[in-house]
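Dropping the structure in here first, questions after.
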Amino acid sequence: MSLVNDIVAKNRAGETVAIASVCTAQPDVLSASLLLARETGRPILIEATSNQVNQFGGYTGLTPEEFIAYVQTLAKNLNVDPALVVFGGDHLGPQVWRAEPAEVAMSHAKDLMRAYVEAGFTKIHLDCSEGCAGEPAQVDDDVSATRAAALAAVCEAYAPDASLISYVIGTEVPPPGGARANEVGQVITPTQPEHARHTLERHHAAFKAEDLLDAWDRVIGLVVQPGLEFSPTHIDRFDMSSPDELSTVLSDYPNISFEAHSTDYQFDDVYPELARRHFAIHKVGPALTFACRQALYALDGMSRWIDPNRSGSDLSNAMEKLMLKKPDSWHKHYEGDETELRLQRHFGYADRIRYYWPEPEAQKALSDLFGALTLSAPAPLIQQYFASDITERAKALEQAAGGWARALVWAQIQAALVPYLFGNNR
């Protein structure tokens with residue numbers, strides 16, 4: 001039994017357990033997450049999305065095989081037990097190519113599935129919810145289920161060991177990258193039980209039609225909306241007092257739990273409550289890269305007190321210039337006047353700035369920043385910019401991080417991930 005399956009089984013047996021699903025390719029976030037897994041002995045699920053990593057490279061430039069090799073190298077260098085790391089593919093389906101006719105998009109999606117399972121991804125989210133050219137923006141359960149089953153058939157055919165593959169299904173799926181638009185007064189409505197039940201029924205029928213009942217037995221997750229989200233400027237908090245109307249949907253499916261997307265920025269007590277409601281997989285991404293950016297900007301501010309040649313906003317100025325030069329990764333996601341847009345570019349919960357860190361201009365600005373922070377900093381200066389729990393955590397990370405400055409970045413990231421590690425998930 002895989003680590004994810006084991007946690008799902010414990011959750012369905014009544015234990016308040018879940019696994020954190022870290023969705024990012026950002027190296028500092030990955031390093032901090034891996035080290036937290038090493039520190040706690042708790043497994044971690046690292047996921048790549050189809051627009052981020054695919055057979056053509058995605059926006060990271062990495063194929064599925066290269067992504068796994070990259071993370072495994074990080075883990076090896078950090079002395080992290082590889083048995084603690086599970087690889088998942090998120091939003092795998094035709095959505096990257098949805099501007100194409102369905103047959104073209106599905107052909108690419110089938111190649112995508114083969115690339116993922118052959119590379120070693122074992123937790124597979126089948127996302128066929130979005131329409132292709134000439135279709136509605138969201139297709140119905142029958143179309144989505146039929147396409148999901150067709151993609152599962154590819155996984156079964158090409159996985160080195162199909163028995164190790166676990167599937168997640170679901171049609172009420174937020175877009176890759178998370179975060180809704182800034183609609184004023186929008187209410188985040190939890191998935192209706194009848195909708196969740198219908199999704200399970202239609203997917204079961206589609207798997208059966210494809211003679212994939214063995215694969216169906218390895219469906220371990222259903223993506224539903226528990227009633228939480230975030231926008232660039234607002235967090236939709238989970239209502240802890242809301243009745244649990246979804247759990248009964250799983251009564252006839254003892255091996256399936258719920259998967260929650262966009263759990264970023266919730267209060268700490270939300271995560272065990274979600275687990276009690278059979279949400280065994282909690283996805284997080286932007287909150288971790290947001291924490292990374294927080295720490296980097298804090299270091300930027302500190303740097304002017306250490307290096308008289310720095311202004312304290314060298315990094316943020318470089319990122320502003322870069323985002324204005326290449327607006328494609330943020331301009332469709334943020335709304336407002338120029339002041340509001342500027343604030344959202346840097347501080348929005350959607351954290352669209354995360355797409356810019358790999359750019360050469362950003363890398364040079366980061367190199368200049370860390371180059372200015374090679375000397376030790378007095379404790380009172382660090383305390384001006386970082387909370388005491390972050391500075392304490394950073395002390396244990398300094399050797400692995402190669403210095404106090406990057407250790408503070410990793411500590412800030414870990415602090416955002418720690419709330420996901422409740423209970424005993426070993």
Side-chain angles (χ1 to χ4, degrees), residues 4-21 23 42 45 88 90 123 125-127 129 141 144-145 166-174 178-180 185-204 216 218-231 234-285 287 417-425:
V4 178
N5 291 47
D6 181 55
I7 288 170
V8 168
K10 288 179 179 178
N11 179 283
R12 291 306 315 277
E15 295 186 40
T16 305
V17 296
I19 189 169
S21 169
C23 303
R42 303 277 286 277
L45 175 59
D90 196 26
K123 186 264 188 184
H125 172 207
L126 301 168
D127 178 9
S129 59
D141 271 347
S144 180
S166 301
Y167 297 102
V168 171
I169 59 173
T171 54
E172 296 202 17
V173 184
R180 65 175 177 82
Q186 181 187 17
V187 176
I188 303 301
T189 304
T191 299
Q192 295 300 304
E194 59 269 25
H195 293 166
R197 192 172 289 110
H198 187 260
T199 295
L200 285 166
E201 290 170 353
R202 299 321 303 156
H203 277 76
H204 178 256
W216 176 257
R218 286 180 273 107
V219 174
I220 52 91
L222 172 68
V223 179
V224 292
Q225 171 56 266
L228 51 80
E229 223 347 319
F230 61 92
S231 74
H234 178 72
I235 300 169
D236 300 283
R237 301 291 182 185
F238 180 73
D239 183 359
M240 298 282 285
S241 66
S242 63
D244 178 9
E245 297 178 342
L246 277 168
S247 288
T248 57
V249 172
L250 301 177
S251 298
D252 295 330
Y253 303 93
N255 300 322
I256 298 178
S257 67
F258 294 125
E259 177 171 294
H261 287 224
S262 302
T263 66
D264 309 68
Y265 308 111
Q266 295 295 315
F267 293 132
D268 292 3
D269 57 356
V270 166
Y271 305 109
E273 178 59 26
L274 288 175
R276 283 189 283 271
R277 299 180 185 218
H278 297 306
F279 285 85
I281 302 169
H282 300 169
K283 305 186 80 65
V284 57
L417 185 56
V418 162
Y420 289 82
L421 304 184
F422 56 87
N424 180 17
N425 295 1

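Because the structure is a prediction, the values reported are computed rather than measured. We're numbering straight along the sequence, starting at 1. Computed from heavy atoms alone, side chains included, the values below leave out hydrogens, waters and symmetry copies.
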- Task: Please confirm whether His203 and His198 have ring centers closer than 6.0 angstrom.
- Result: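 Ring centres of His198 and His203 not closer than 6.0 Å.
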
- Task: Quick one: closest heavy-atom pair of Phe422 and Ala18, and the distance?
- Result: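 The answer is CZ-CB, 3.8 Å.
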
- Once you round to the nearest 0.5 Å, how far does CG of Asp239 lie from CD1 of Ile188?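 Rounded to the nearest 0.5 Å, the CG-CD1 separation comes out at 13.0 Å.
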
- Query: Taking the inter-plane angle between the rings of Tyr253 and Trp216 on a 0 to 90° scale, is it parallel (under 30°), tilted (30 to 60°) or perpendicular (over 60°)?
  - Reply: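 Aromatic pair Tyr253/Trp216 classed perpendicular.
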
- Query: Does the pair Ile281 and Leu45 meet the rule for a side chain to side chain contact (heavy atoms under 4.5 Å, CB included), with working shown?
  - Reply: CA-CA 9 Å; Ile281 302 169; Leu45 175 59; 4.2 Å; yes

- Taking only residues two or more places apart in sequence or in another chain, which ones pass salt bridge (charged side-chain N to carboxylate O under 4.0 Å, His left out) with Arg218?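 In terms of salt bridge (charged side-chain N to carboxylate O under 4.0 Å, His left out), with neighbours along the sequence ignored, Arg218 is linked to Glu156.
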
- Item | Where Ala145 and Arg202 come nearest, the two heavy atoms and their spacing |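 Nearest heavy atoms, Ala145 then Arg202: CB-O, 3.6 Å.
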
- Query: When you look at Ile19 and His282, which way does the side chain to side chain contact (heavy atoms under 4.5 Å, CB included) test go after all the steps?
  - Reply: CA-CA 6 Å; Ile19 189 169; His282 300 169; over 6 Å; no

- Query: Quick one: CD on Gln192 to CD on Gln225, what's the gap to the nearest 0.5 Å?
  - Reply: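 Answer rounded to 0.5 Å: 11.5 Å.
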
- Query: For residues 267-278, which residue pairs qualify under side chain to side chain donor-acceptor pair (under 3.5 Å), counting only residues two or more places apart or in two chains?
  - Reply: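 Residue pairs passing side chain to side chain donor-acceptor pair (under 3.5 Å), neighbours aside: Asn11-His278, Ser242-Arg277, Tyr271-Tyr420, Glu273-Arg276, Glu273-Arg277.
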
- Query: Where do Asp90 and Cys23 come nearest, in terms of heavy atoms and distance?
  - Reply: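 In terms of heavy atoms, the two residues are closest at OD2-SG, 4.2 Å.
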
- Task: Mind running side-chain hydrogen bond (donor to acceptor under 3.5 Å, both in side chains) on Asp141 and Ser144 for me, showing each step along the way?
- Result: CA-CA 5 Å; Asp141 271 347; Ser144 180; 5.6 Å; no

- Task: For the residue pair Val219 and Val168, establish whether any side-chain heavy-atom pair is separated by less than 4.5 Å.
- Result: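 SC-SC contact between Val219 and Val168 ruled out.
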
- Query: About how many Å separate CZ of Phe230 and CG of Leu228, when rounded to the nearest 0.5 Å?
  - Reply: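 Going from the CG atom of Leu228 to the CZ atom of Phe230 covers 10.0 Å.
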
- Query: Which residue pairs pass the salt bridge (charged side-chain N to carboxylate O under 4.0 Å, His left out) test with at least one member in residues 253-266, sequence neighbours excluded?
  - Reply: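 Matches after skipping sequence neighbours: Lys123-Glu259, Glu259-Lys283.
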
- Task: Starting from the C-alpha separation in whole Å, work towards a yes-or-no answer on side chain to side chain contact (heavy atoms under 4.5 Å, CB included) for Leu250 and Phe258.
- Result: CA-CA 9 Å; Leu250 301 177; Phe258 294 125; 3.7 Å; yes

- Rounded to the nearest 0.5 Å, what's the gap from NE2 on His204 to CD1 on Ile256? Could you check?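 His204 atom NE2 to Ile256 atom CD1 measures 9.0 Å (nearest 0.5 Å).
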
- Task: Determine, step by step, whether Asn255 and Val8 satisfy the side chain to side chain contact (heavy atoms under 4.5 Å, CB included) criterion, reporting the C-alpha distance in whole Å, the side-chain angles of both residues, the deciding distance to 0.1 Å, and the verdict.
- Result: CA-CA 7 Å; Asn255 300 322; Val8 168; 6.0 Å; no

- Message: What's the separation between atom OG in Ser257 and atom CG in Leu274, rounded to the nearest 0.5 Å?
- Response: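 With rounding to 0.5 Å, OG (Ser257) is 11.5 Å from CG (Leu274).
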
- Any idea which heavy atoms bring Pro226 and Ala260 closest together, and the distance?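 Closest heavy-atom pair between Pro226 and Ala260: CG-CB, 4.3 Å.
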
- Query: Do the side chains of Ile169 and Val223 get nearer than 4.5 Å, heavy atoms only?
  - Reply: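 When only atoms from C-beta onward are counted, Ile169 and Val223 do not touch, as no gap falls below 4.5 Å.
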
- Taking the side chain as every heavy atom from C-beta outward, state whether Val284 and Leu417 have any atom pair closer than 4.5 Å.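 With C-beta onward as the side chain, the pair touches.
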
- If you round to the nearest 0.5 Å, how far is CG of Leu246 from CZ of Arg197?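 Between Arg197 CZ and Leu246 CG, I get 9.0 Å after rounding to 0.5 Å.
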
- Heavy-atom pair with the smallest gap, counting every atom of Ala280 and Ile7: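 In terms of heavy atoms, the two residues are closest at O-CG2, 4.2 Å.
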
